[in-house]
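Quick notes on the structure that follows.
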Number of protein chains: 2
Amino acid sequence: MASARATIYQVAQRCGVSTATVSRAMSGGAGMSVDTRRRVLATAAEMGWVPNGSAKALASNRTGILGVLFHDLDSGNDPLLDSPLYLDQVLRGAEQATTGVGDALLIAATRGRSGRDLAYSVAGKADGLVLFARSLNRADTQALASMVPIVTVGRAGSRWPHDDISVDNRGGMRNLVEHLLEQHGLRRLAFVSGPPRTPDSIARFAGFRDALIAAGLPAPDKPDADGGFTESGGEQAAESILTGDRQVQAIVCANDEMAIGVRAVLAARRLRTPADIAVTGFDDISASRHLSPSLTTVHQPMHEVGSRAISLLLQRLREPTKPRTSVVLATESVIRRSCGCRRPPARPPERSMSDGLRRTRSSRTPTEQ
Amino acid sequence: MASARATIYQVAQRCGVSTATVSRAMSGGAGMSVDTRRRVLATAAEMGWVPNGSAKALASNRTGILGVLFHDLDSGNDPLLDSPLYLDQVLRGAEQATTGVGDALLIAATRGRSGRDLAYSVAGKADGLVLFARSLNRADTQALASMVPIVTVGRAGSRWPHDDISVDNRGGMRNLVEHLLEQHGLRRLAFVSGPPRTPDSIARFAGFRDALIAAGLPAPDKPDADGGFTESGGEQAAESILTGDRQVQAIVCANDEMAIGVRAVLAARRLRTPADIAVTGFDDISASRHLSPSLTTVHQPMHEVGSRAISLLLQRLREPTKPRTSVVLATESVIRRSCGCRRPPARPPERSMSDGLRRTRSSRTPTEQ
DNA sequence: TTGTAGGCGTTATCAT
DNA sequence: ATGATAACGCCTACAA
């Protein structure tokens, strides 16, 4: 039973050695008789003993645990408050990197709790933390950072002293819009943003403007509509845009979910995509390739965001004093059909048949500063 | 800096009290002067101190950490080996339940490691573990269970002594197939299974047979094709089924991803869904409602699986000797259009416009044994 | 209401 | 190659 777990003392005694020897045997067994080691390991296995993690951590000053902090993984009731779907991908990447070095991954959502509560429930339990944008405000972030090494995600622009990993939102959107402008000759584009002050939405709108300006076209000061990053928000945004007197040729959305909402409204109004109005998204969520027409969008390397964040953290733990690193990962345009491109002629042999597409990387390559 | 973290001694000294007082203040402050408590908390905050989790855990014999163990959250290279998408939902549910009681959630994938390695890297760090089906074989599960309390997921049938939470795969599939039989009068159904020996696939095929037998129809001994739970596997399965001489009216798939593959093949062969051949899935992944026609499938309460698993674990920790609990959660048929049903006439006011559907629960209600 | 002090199970530093 | 033993930072009787 798990009620009375063995300790290192009992293993040592049963094996006729000291606790020090048992400890050595468990941690690689450098500089000890191969035979002794084998014997110790055998009795340990036999007794079903594993070192107590807490005691080990206390003595060695290392928990072997890395933490990831989100704003809200899941609100429980209101899906609108949930973190975006791509976080799952990030998690998977982080888990892989963490397991890869033999550590374990701790995950927690802030759910509006203060930095102090969090520190109490998480910071004390991990060797380091990865903080997602929106998860904590500035003050709380500072506080946390004073108790445990941290890496931030999505705060590339900031002057904060922490290591950071971000995605090239701006370049990715610019790249996509340039495709609309250059390949399809579109001129009258509307932009549907996410919640007003979110960095992602802001950066993507900036990329939208970049492309227009580079093409010598007039660039709007603000998005045509706010879709709050949700499908229903996208629907409302589309209604408002279509109601205006402006003859729009394309609706560029700051994420895929809003694009799905926009599509639904167009269909309901008997407007064809892309013939009448092109639609694009951002994120490349799994549903986007199953829409008809399939959604042209921008793919973010979320898996890599997760794994690189962990790498940065591990590096920081190894060299606490090394200068700050900030890396920006390139995005990739995923050209499907909602922009007006035709289905690629032949089925690529390796890929699933429903995934014919073309890809273009954002000009920005992974960067360290 | 995080390099030299304060200890309880320093806080105590600075505040002019004993370490016991500081400890009390941090843990609720029962039976102590309100003023003293305030003072302690203030200095602690000022010094940026939080109790060291390892020391705390060692002394109190409680880590405040719950773990979840998967087979493979993400294989890194081969998506075919990844855990199904719905695991993300489960994780979100588990995270919510865990955070709700102030604990933290540890996640790890077995990735083929032995039970011993895992125990070493995870079991020693948590108060209890949730084990997913496929994550560990019988012997390793036993070994783990002897070092830490565990709850299993998806092993309802087994005679194991652990608490378990499962989903009614069999009843869900039976329910869906009955719909095909009774509402659409279909008679010649083909079944596409997942990997041969997976419990989920087996249970779903059993449900398929249940429905046929109950309707007095001949029931096959084995699935018509194996689609390995993947989209491309579904494509191959469809090819093989369509190549046969049997005139099939519906292709029932053991999960959504295979159904997507099947659909693609039908479309490529100019076969209409559902007019020529109906298609159904299982899982209700997010993409399924965006297909055209939208996919009729079975919804699993994955979020609840996660949260209930944690609840069971917490209960077990509270009462280590109470008898085993095994709960089975009901599934729900999600009737969309790929089965032949028409789009519901009016748009439901509350829901997103692209989600018109009907729902039926599997007859099995949440059950405790 | 507060303080004293032993113990939690390891690791790591010295000896031997 | 192995053994004693002092930390590690906190909790919790027990005492005051």
Side-chain angles (χ1 to χ4, degrees), chain A residues 2-41 44 47-65 119-121 123-127 147-148, chain B residues 2-41 43-44 47-64 119-121 123-127 147-148:
Chain A
S3 39
R5 290 174 55 175
T7 73
I8 196 173
Y9 293 110
Q10 301 167 31
V11 177
Q13 183 170 30
R14 177 96 104 90
C15 198
V17 297
S18 72
T19 60
T21 300
V22 175
S23 178
R24 280 191 203 100
M26 294 305 290
S27 50
M32 73 184 291
S33 142
V34 180
D35 183 58
T36 310
R37 169 147 203 250
R38 224 195 310 271
R39 249 176 50 235
V40 171
L41 258 30
M47 300 177 67
W49 173 80
V50 283
N52 176 312
S54 308
K56 187 175 174 178
L58 181 57
S60 63
N61 197 28
R62 239 193 125 266
T63 61
I65 296 178
Y120 190 76
S121 82
K125 295 173 180 165
D127 295 325
M147 1 195 64
V148 59
Chain B
S3 39
R5 289 173 56 174
T7 74
I8 197 174
Y9 293 108
Q10 301 167 30
V11 177
Q13 183 170 31
R14 177 97 103 94
C15 197
V17 297
S18 72
T19 60
T21 300
V22 176
S23 178
R24 282 189 203 100
M26 294 305 289
S27 50
M32 72 182 292
S33 144
V34 180
D35 183 59
T36 310
R37 169 146 203 253
R38 224 195 310 273
R39 250 176 51 234
V40 172
L41 258 31
T43 36
M47 299 177 67
W49 172 80
V50 283
N52 175 312
S54 308
K56 188 175 173 179
L58 181 58
S60 64
N61 197 29
R62 239 193 124 266
T63 61
Y120 189 78
S121 82
K125 295 172 181 166
D127 294 325
M147 357 195 67
V148 59

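Below, read A as the first sequence line, B as the second, and so on, with proteins coming before strands; counting in each chain starts at 1. Here the structure is a predicted model, which means the values were calculated and not measured.
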field: Residue pair A:Val22, A:Tyr9: steps toward the side chain to side chain contact (heavy atoms under 4.5 Å, CB included) verdict
entry: CA-CA 9 Å; A:Val22 175; A:Tyr9 293 110; over 6 Å; no
- request: For the pair B:Asn52 and B:Thr7, evaluate side chain to side chain contact (heavy atoms under 4.5 Å, CB included) and give the outcome as yes or no after the intermediate values.
  value: CA-CA 8 Å; B:Asn52 175 312; B:Thr7 74; over 6 Å; no
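Closest to the A:Lys56 side chain, of the nucleotides D:dT2, D:dC11, C:dT10, is C:dT10. Of the candidate nucleotides C:dG3, C:dT10, D:dT2, C:dT10 has the atom nearest to the side chain of A:Trp49. Which of C:dG7, D:dA1, C:dA12 sits closest to the side chain of A:Ser33 comes down to D:dA1. Residue B:Asn52 has its side chain nearest to D:dC10 when only D:dT12, D:dC10, C:dG9 are considered. Counting only heavy atoms from C-beta on, B:Ala59 has its side chain closest to D:dC11 among C:dG3, D:dC11, C:dG9. Listed nucleotides C:dT10, D:dG9, D:dA4 differ in distance to A:Pro51; the shortest reach to its side chain belongs to C:dT10.
Summary of the strand contacts: B:Ser60 and A:Ala57 both lie near DNA chain C, and taking for each the nucleotide with the nearest heavy atom, the more 5' one is attributed to B:Ser60. If B:Ala55 and B:Ala20 are placed on DNA chain C by their nearest nucleotide, the residue sitting closer to the 5' end is B:Ala20.
B:Val17 comes within contact range of the sugar-phosphate backbone alone, with a heavy-atom separation under 4.0 Å but no base atom that close. Counting any heavy atom pair closer than 4.0 Å across all strands shown, A:Thr36 reaches sugar-phosphate atoms only and no base atom. Heavy atoms of B:Thr7 sit under 4.0 angstrom from primed sugar atoms or phosphate atoms, though from no base atom.
For B:Lys125 (side chain) and A:Gly64 (main-chain N/O), a donor-acceptor pair under 3.5 Å exists by modelled atom type.
Distance, B:Tyr9 OH to D:dC11 P: 11 Å, rounded to whole Å. Computed from coordinates, the A:Gln10 CD to C:dC8 C1' distance equals 13 Å when rounded to whole Å. For B:Met32 and D:dC11, the CE to C1' distance is 14 Å, given to the nearest whole Å. In this structure, CD1 of A:Ile8 is placed 13 Å from C1' of D:dT5, rounded to the nearest angstrom. Across the protein-nucleic acid pair, B:Asn61 atom CG and C:dT10 atom P stand 12 Å apart, rounded to whole Å. Distance, A:Gln13 CD to C:dG9 C1': 15 Å, rounded to whole Å. The CE atom of A:Met26 sits 17 Å away from the C1' atom of C:dA12 (whole-angstrom rounding). Atom pair B:Arg24:CZ and C:dT4:C1' shows a separation of 11 Å (rounding to whole Å applied).
Taken to the nearest 0.5 Å, the OG1 atom of A:Thr19 stands 9.0 Å off from the CZ atom of A:Arg24.
Between B:Thr63 and B:Asp127, the shortest heavy-atom distance links the atoms N-OD1, 2.7 Å. The shortest non-hydrogen separation linking B:Ala55 to A:Leu58 is CB-CD1, 3.7 Å.
OP1 or OP2 of D:dG3 sits under 4.0 Å from a side-chain N or O of A:Thr21. For A:Ser23 and C:dT10, the shortest distance from a side-chain N or O to OP1 or OP2 is not below 4.0 Å.
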